[in-house]
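Below is one structure; the comments refer to it alone.
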Amino acid sequence: MRHVTMPGEQLPADRPDPGEIAFTLLERVRAEVGGTEIRLGDQKARLILAVLLEQPGTLVPIEALINRVWPEAPKSTRPMLHDHVTKLRGRLDTAKEGARSLLPRGEGGYRIQVDRRQIDLCRFRDLVKHAQTVAGHDGEAAVRYYRSALEQWGPLPDGPWSAEPLGGLHSGAWIDSTRTALRNEYQRALMSYLELELRISDPAALIPGLQRLTARSEPPDDALAALLMRALYLSGRQNEALDAYRRHHSRSVEEVGGEPGEGLRHLQQQILTGELPLRPPTAPHDSDPPKGAPVGRAENEQDSTTGHGGQTPPGESSGTADGTRRTIEEVGEAAAMAVAAGARRALSGKVVLQPPAERKLVERVQREFEPDTPGFRALVVVETAPDQAGAVQALRDALVVRMLSHGSFLKSLRKLTDRLNTAPSQGTGTIVNANRVGKVVTFNDKVKMRDWNC
């Protein structure tokens, strides 16, 4: 099934319209119009612009701007902020008449009023979101959108470690945290793109790029190594796949001081013993067996791990209550949906006794995605806005990437998602007749508790 654009559907732009001011955050912070760069001023002016561009259309309070541009600064910096904004307006207006109106002052703050297509970061995010939307039914279209998204960073970087968002700005609290978050976004998009490309394309064509990525990753990345090993194996190059594991193992011991994760070691054993099935590299996504169909091992049956190039990913597939086996993507999907379900209850204001299996699963995901770890931002979005478009999908992708490189995490989620399928009420929770005022809960009736380990 191919994605068909519906009448009135707005597809994300991959470039600004001719004649518009184009703003860049994913490389060096700059602005240009008609191919001519606009002189923005000093570090402070470009940092002010970067803060506003990161949240286009959103009013940023003056105090928040001052804290990000002049940390620990006295209140006397308020006139300096106004002066910088005034000069920025003038420079934009000189480059394009009327552009000073792009920086209006609101009640207690400033905003930048530009279309999302004018900012490379927004184009990247919109293209990734659209790729996630169509990936389930049109893999080829999703690959094209992922490529366009990654290309917003300029010439394709050799992984997030070599990308330099907010380039040219000196280190600072807001700059460093934002830069890390953007690199994590790039990492998630890159891994989703490579996973999908490996599923629908000729794996041999991906090998040179994956070899470059794994060789230059800092530190050695288990998930990238797994992709390279699978691509080599699916291309009929079993010995080279094992050599790739040995090189990655040596780097992990020398540079990190530890062995690769359990999931990657399991993949190496599958390749070594030939347990990993080969499949035609161009097998269409539409021919995948129905979701939930039992996985057979006969030669004439197709493997059901459709999200991983027709092979069992690192770690065994999960077994569900009805005896079917679940892929790693389905484990990630179940875990992400459980986190979203818990968040909806928490935001509803109702007093709900959460099923133990769901509660433990959410706690396990929260421990894995602590602040400053890949996936943390996706988790925060789901917990604060569980119905936001693409939020659950982004968390699922982050969980899959994490499980591919951390076998112990895969094993934990596999067990916990299996328990979700066997728990009473399928994890819906029990609503208690009670009132909540702040953190105080008053029960109106006697409630008989059963089935839950409260």
Side-chain angles (χ1 to χ4, degrees), residues 10 12-13 15-126 152 165-179 181-182 185 377 380-381 384-385 388:
Q10 186 68 39
R15 61 181 62 85
D17 289 344
E20 288 183 323
I21 297 178
F23 298 94
T24 301
L25 294 178
L26 299 179
E27 298 179 79
R28 185 170 61 86
V29 176
R30 69 179 190 274
E32 63 177 44
V33 60
T36 302
E37 186 167 346
I38 301 172
R39 295 193 177 190
L40 297 174
D42 61 11
Q43 280 266 328
K44 300 300 185 186
R46 286 187 289 127
L47 178 51
I48 291 169
L49 186 62
V51 172
L52 296 174
L53 287 170
E54 204 271 331
Q55 305 176 62
T58 301
L59 184 76
V60 180
I62 288 174
E63 294 305 319
L65 270 169
I66 290 175
N67 289 336
R68 292 170 183 178
V69 181
W70 291 277
E72 310 295 332
K75 294 183 179 179
S76 59
T77 52
R78 184 181 286 255
M80 295 171 60
L81 171 64
H82 299 325
D83 182 59
H84 274 293
V85 173
T86 299
K87 289 179 178 177
L88 269 173
R89 287 173 176 152
R91 292 176 181 124
L92 293 173
D93 199 67
T94 300
K96 183 176 174 63
E97 186 177 356
R100 66 170 54 250
S101 63
L102 300 180
L103 278 173
R105 180 172 179 177
E107 185 176 348
Y110 291 98
R111 64 164 60 88
I112 188 161
Q113 291 287 76
V114 297
D115 195 278
R116 291 179 65 84
R117 65 175 175 268
Q118 294 177 249
I119 309 170
D120 60 352
L121 172 59
C122 293
R123 295 196 301 271
F124 165 72
R125 287 173 171 167
D126 292 346
Q152 300 305 313
L166 305 181
L169 298 183
H170 299 322
S171 178
W174 181 83
I175 295 170
D176 293 345
S177 63
T178 303
R179 197 171 273 158
L182 291 176
E185 284 189 55
R377 186 162 182 162
V380 170
V381 171
T384 55
Q388 179 175 318

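Residues His170 and Ile175 are not in side-chain contact: their nearest non-hydrogen atoms beyond the backbone lie 4.5 Å or more apart. Residues Trp174 and Asn67 have side chains not in contact (no heavy-atom distance under 4.5 Å, counting atoms from C-beta outward). The shortest distance between side-chain heavy atoms of Pro12 and Arg123 does not fall below 4.5 Å. Side-chain contact check for Val60 versus Val51: some heavy-atom pair is nearer than 4.5 Å. A 4.5 Å side-chain heavy-atom check between Lys87 and Asp42 finds every atom pair outside the cut-off.
Scored by the salt bridge (Lys or Arg N to Asp or Glu O under 4.0 Å) test, Arg28 finds Glu37 as partners (sequence neighbours excluded). Residues satisfying the salt bridge (Lys or Arg N to Asp or Glu O under 4.0 Å) criterion with Asp176, sequence neighbours excluded, are absent altogether.
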Please report, to 0.1 Å, the donor-acceptor pairs under 3.5 Å made by any side chain of residues 15-24, with sequence neighbours excluded.
{"unit_1": "Asp17", "atom_1": "OD2", "unit_2": "Arg117", "atom_2": "NE", "d": "3.1"}
{"unit_1": "Asp17", "atom_1": "OD2", "unit_2": "Arg117", "atom_2": "NH2", "d": "3.2"}
{"unit_1": "Glu20", "atom_1": "OE1", "unit_2": "Asp17", "atom_2": "N", "d": "2.8"}
{"unit_1": "Glu20", "atom_1": "OE1", "unit_2": "Arg117", "atom_2": "NE", "d": "3.0"}
{"unit_1": "Glu20", "atom_1": "OE2", "unit_2": "Arg117", "atom_2": "NE", "d": "3.2"}
{"unit_1": "Glu20", "atom_1": "OE2", "unit_2": "Arg117", "atom_2": "NH2", "d": "2.7"}

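Note: Leu47 CG to Leu40 CG = 12.0 Å, rounded to the nearest 0.5 Å. The structure places CG of Leu102 at 10.0 Å from CG of Leu49, a figure rounded to the nearest 0.5 Å.
Of all the heavy atoms in Arg116 and Pro56, the pair that sits closest is NH1-CG, 4.4 Å.
In terms of modelled atom types and a separation under 3.5 Å, the side chain of Arg111 and the main chain of Gly106 share no donor-acceptor contact.
For the pair Arg125 and Glu54, the salt-bridge criterion is met [side-chain N within less than 4.0 Å of a carboxylate O].
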